[in-house]
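Note sheet for the following structure.
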Amino acid sequence: MLKRTLTAVTLALIGIPAVLYGGIFYFLLIALFLGVASWEYGHMFRSAGSNASTPLLVGGVLILLVTRVYFP
């Protein structure tokens, strides 16, 4: 319980200013979250026996994010 509370407080201290300032700070926060999530997804795929390329997965997600943000 304490670990989850500390994680929530830490994420709030990082996330709330990024959302309030917006722009590049918010973009970098979202890119970090999506990068870590896709990295974790790749490792789950690999542990299930699939032959997933984690760098390709993370890179693809970040390229799609940049493309979506800067070329709507």
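Computation of the quantities below employed the complete heavy-atom set of this structure, encompassing side-chain atoms and omitting hydrogens, waters and symmetry-equivalent molecules. Positions are given from 1, in the same order as the sequence printed here.
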> How long is the span from the CD1 atom in Ile24 to the CG atom in Leu28, to the nearest 0.5 Å?
Replying inline: 4.5 Å
> Where is the tightest heavy-atom contact between Ala52 and Gly42, given as atom of each residue plus distance?
Replying inline: CB-O, 4.2 Å
>> Between Val58 and Leu32, is there shared hydrophobic-cluster membership here, with clusters defined by ILVMFWY side-chain heavy atoms closer than 4.5 Å?
In response: no
> Should Phe33 and Leu11 be marked as a side-chain contact (heavy atoms from CB on, under 4.5 Å) after you check the CA-CA gap, both sets of side-chain angles, and the distance that decides it?
Replying inline: CA-CA 11 Å; Phe33 285 158; Leu11 288 175; 4.1 Å; yes
>> Is it the case that the side chain of Ser38 and the backbone of Leu34 share a donor-acceptor pair, with hydrogens and angles ignored and the cut-off at 3.5 Å?
In response: yes
>> Once rounded to the nearest 0.5 Å, what's the spacing between atom CG of Leu57 and atom CD of Glu40?
In response: 11.5 Å
> Can you name the nearest heavy-atom pair linking Ala12 to Pro17, along with the distance?
Replying inline: O-CD, 3.8 Å
>> Count I, L, V, M, F, W, Y as connected when their side-chain heavy atoms are under 4.5 Å apart, and connections chain through other members. Are Val19 and Ile30 then in the same cluster?
In response: yes
>> Would you say Val69 ends up clustered with Tyr26 if hydrophobic residues are merged whenever their side chains have heavy atoms under 4.5 Å apart, either directly or through other cluster members?
In response: yes
> How far does OG of Ser50 sit from CE of Met44, to the nearest 0.5 angstrom?
Replying inline: 11.5 Å
> At what distance, to the nearest 0.5 angstrom, does CZ of Phe45 lie from OG1 of Thr54?
Replying inline: 10.5 Å
> Are more than 12 heavy atoms from other residues, nucleotides or ligands located less than 6.0 Å from atom CZ of Phe27?
Replying inline: yes
>> Less than 4.5 Å apart, side chain to side chain, heavy atoms only: is that true for Tyr70 and Leu65?
In response: no
